[in-house]
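Read the structure below first, then the notes.
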Amino acid sequence: MTLAFLLQTGASVAAIVLMVAFAAWANIARPTPPLDRAAIMDLLAFEFPGAPIDGVWISADRRGAIVRSTDQALLVYLAGDGYVTRSTPWSEVVKAAPKDGRLTLRLPDVGAPRASFAVESQAAWPPALKAAA
Amino acid sequence: MTFDPVTLATPFFILAVIAEILLARFAKTRTNYEARDTAASLMMGLGSTVAGVLIGGVIAATTIWAWKHRIFTIPMTAVWAWLAIFFLEDMTYYWFHRLSHERRFWWAAHMNHHSSQHYNLSTALRQTWTGGINGSWLLWMPLAFLGFPPVMIAIEKGISLVYQFWIHTEAIRRLPAPIEAVFNTPSHHRVHHARNPRYLDRNYAGILIIWDRMFGTFEPERDEEPPRYGIVKNLGDFNIVRIAFHEWIGIGRDLASARSVREVWGYLFGPPGWSPDGSRGTSADLKAAWRARTGS
């Protein structure tokens with residue numbers, strides 16, 4: 001490693017900090033209003049087109065949802081200001097137990113190894129799903 | 001030190017990112033930045049620079065070796081030589097880029113560039129850490145064998161990279177038709193970064209969009225179908241190690257479970273999304289399903 005390379009790398013790190021600080025200050029992330037049924041259906045239509053929707057559960061903070069589709073659970077959750085979706089067997093949702101107000105599902109996917117949802121502290125699990133209208 | 005377009009352009013990259021943020025902040029353009037996404041993109045860019053230093057010696061030595069075994073001697077001072085390398089390098093880039101999307105071994109290195117759900121100037125800097133180890137740089141060796149000096153090849157690659165920076169923006173909608181017809185533009189490249197089935201595996205161009213038009217991979221941006229950015233299965237967080245390596249780890253897991261040579265081949269060199277039972281869905285599968293649903 002030459003001194004020039006180290007200087008260039010140091011300057012790059014400083015520039016990154018500056019640009020990220022600008023991005024945070026500007027507050028120009030995509031708006032992510034609390035999820036409602038219509039928004040979830042819109043997301044599912046793109047992410048899981050044609051999947052039958054048997055019932056919908058929306059997380060307590062309305063930043064995620066679990067949707068039953070026959071024997072599968074379709075997961076929708078926020079990462080930053082964008083939604084991530086995955087599917088997992090419904091049995092995994094039933095088996096999972098909320099802890100400290102969150103339900104965390106482990107997924108066999110290196111790109112998204114867990115999905116976490118806020119749960120009402122007194123809520124029973126698995127939840128009673130609302131039928132998809 | 002030779003002329004390096006990327007190093008020279010770096011201050012411009014920084015100023016342009018800040019300018020785009022300020023324009024969006026003051027509602028002069030519809031662009032979104034999310035701080036963690038921006039940090040991930042920029043850290044990927046920095047890591048790519050470090051990785052480039054580590055592998056750069058091998059690439060340079062191989063290119064020089066190829067040039068020493070050249071067929072012709074092409075002078076760096078000739079205008080025709082620069083014109084020729086402009087077209088040849090850009091066509092090489094097209095095929096490199098197409099390979100990087102259509103075969104998983106190369107997609108594993110390239111996909112990180114597409115892993116952001118945003119499309120802004122910081123996304124341009126979300127570069128690979130592992131592009132050097134999958135050998136895709138060998139695609140440029142024919143230029144050295146032909147007789148283009150290694151420095152000339154490096155400069156032309158740098159020019160292409162710098163060109164491709166500014167097209168990563170939503171701030172520019174459409175350019176005049178003659179430009180859209182010939183050059184890769186923000187509009188064409190938005191299509192390339194989109195995950196809508198219609199737009200998957202389209203617009204591989206570097207500087208000139210003519211290659212996509214010639215080789216059947218061109219798709220225009222449609223106002224009625226705005227691009228949704230990212231990869232088919234978006235990542236669950238902003239961990240840069242995950243961004244850089246998750247597809248490689250996925251390949252490793254698949255190879256560990258492979259039961260035949262066919263499966264090994266498919267997992268390594270099949271299209272992204274290939275699986276023995278077809279359950280995962282390749283771009284072609286997604287497009288076919290979309291066509292069947294919509295009749296497009």
Side-chain angles (χ1 to χ4, degrees), chain A residues 1-2 4-32 42-43 45-51 64 72 74-88 104-116, chain B residues 1 7 10-11 13-14 17-18 21-22 24-27 31-43 45-46 49-50 53 111 115-118 120-122 125 195-197 228-238 242-243 245-250 252-253 286 289-290 293-294:
Chain A
M1 296 283 171
T2 64
F5 177 75
L6 290 174
L7 284 173
Q8 191 177 337
T9 304
S12 297
V13 170
I16 288 171
V17 170
L18 179 70
M19 287 185 277
V20 173
F22 262 101
W25 161 80
N27 194 23
I28 49 173
R30 284 193 202 99
T32 52
D42 183 48
L43 274 165
F46 184 85
E47 303 286 348
F48 301 100
Q72 290 291 301
L74 312 181
L75 313 175
V76 176
Y77 57 101
L78 263 180
D81 61 353
Y83 284 98
V84 178
T85 57
R86 290 293 189 276
S87 65
T88 194
T104 301
L105 297 168
R106 303 223 169 257
L107 306 170
D109 185 329
V110 190
R114 68 188 64 81
S116 181
Chain B
M1 185 66 195
T7 302
T10 299
F13 292 164
I14 296 165
V17 167
I18 292 172
I21 291 171
L22 290 174
R25 172 68 181 81
F26 295 108
T31 298
N32 298 110
Y33 274 79
E34 203 274 346
R36 283 171 295 173
D37 176 85
T38 305
S41 292
L42 299 176
M43 289 303 293
L46 178 61
T49 306
V50 175
V53 169
M111 75 177 308
S115 62
S116 173
Q117 293 197 46
H118 284 273
N120 55 43
L121 291 175
S122 78
L125 305 176
R195 51 196 287 269
N196 314 45
R228 296 187 185 218
Y229 303 112
I231 50 181
V232 170
K233 287 188 173 182
N234 280 317
L235 300 184
D237 58 29
F238 301 97
R242 189 184 319 287
I243 293 170
F245 298 110
H246 84 276
E247 187 67 10
W248 291 111
I249 295 169
R253 284 185 178 179
L286 296 173
W290 166 75
R293 280 195 311 276
T294 62

Checklist entry - How close do Tyr83(A) and Gln117(B) get, heavy atom to heavy atom, and via which atoms? => result O-NE2, 3.1 Å

Checklist entry - Distance from Leu125(B) atom CG to Ile16(A) atom CD1, nearest 0.5 Å? => result 9.0 Å

Checklist outcome for this item: Under 4.5 Å to a heavy atom of chain A? For Phe245(B) that would be neither

Item to check | Val110(A) backbone acceptor or donor facing Arg242(B) side chain under 3.5 Å | outcome: yes

Checklist entry - Is it the backbone or the side chain of Arg195(B) that comes under 4.5 Å from a heavy atom of chain A, or both, or neither? => result both

Item to check | Least distance between heavy atoms, Arg253(B) atom then Asp109(A) atom | outcome: NH1-N, 4.4 Å

Checklist entry - For Leu235(B), is it the side chain, the backbone, both or neither that has a heavy atom under 4.5 Å from a heavy atom of chain A? => result both

Next on the checklist: Let's test your reading of the structure: which of Glu247(B), His118(B), Met43(B) forms the most heavy-atom pairs below 4.5 Å with chain A?
Outcome noted: His118(B)

Checklist entry - Which answer fits Leu78(A), side chain, backbone, both or neither, if we ask what part of it has an atom under 4.5 Å from a heavy atom of chain B? => result neither

Next on the checklist: Main chain of Arg30(A), side chain of Glu34(B): is a donor-acceptor contact present, judged purely on distance under 3.5 Å?
Outcome noted: no

Next on the checklist: Using 0.5 Å steps for rounding, measure from the CZ atom of Phe22(A) to the CZ atom of Arg25(B).
Outcome noted: 11.5 Å

Item to check | Greatest number of heavy atom pairs closer than 4.5 Å to chain B - which of Val13(A), Ile28(A), Asn27(A), Val17(A) | outcome: Ile28(A)

Checklist entry - Shortest non-hydrogen contact from Ala39(B) to Val20(A)? => result CA-CG2, 3.6 Å

Checklist entry - Which atoms of Leu22(B) come close to chain A, meaning under 4.5 Å heavy atom to heavy atom: side chain ones, backbone ones, both, or neither? => result side chain

Item to check | Under 4.5 Å from a heavy atom of chain A, the part of Thr31(B) involved | outcome: backbone

Item to check | Under 3.5 Å donor-acceptor, Arg86(A) side chain and Asn234(B) backbone | outcome: yes

Checklist entry - With chain B, which of Ala115(A), Ala79(A), Ala26(A) has the greatest number of heavy-atom pairs at distances under 4.5 Å? => result Ala26(A)

Checklist entry - Looking at Gly50(A), Pro113(A), Ala112(A), Ala24(A), which one has more heavy-atom pairs under 4.5 Å with chain B than the rest? => result Pro113(A)

Checklist entry - For Tyr77(A), is it the side chain, the backbone, both, or neither that has a heavy atom closer than 4.5 Å to a heavy atom of chain B? => result side chain

Checklist entry - In terms of heavy-atom pairs under 4.5 Å with chain A, which of Thr38(B), Ile18(B), Ile249(B) leads? => result Ile18(B)

Item to check | Any side-chain heavy-atom pair of Arg293(B) and Pro49(A) under 4.5 Å | outcome: yes

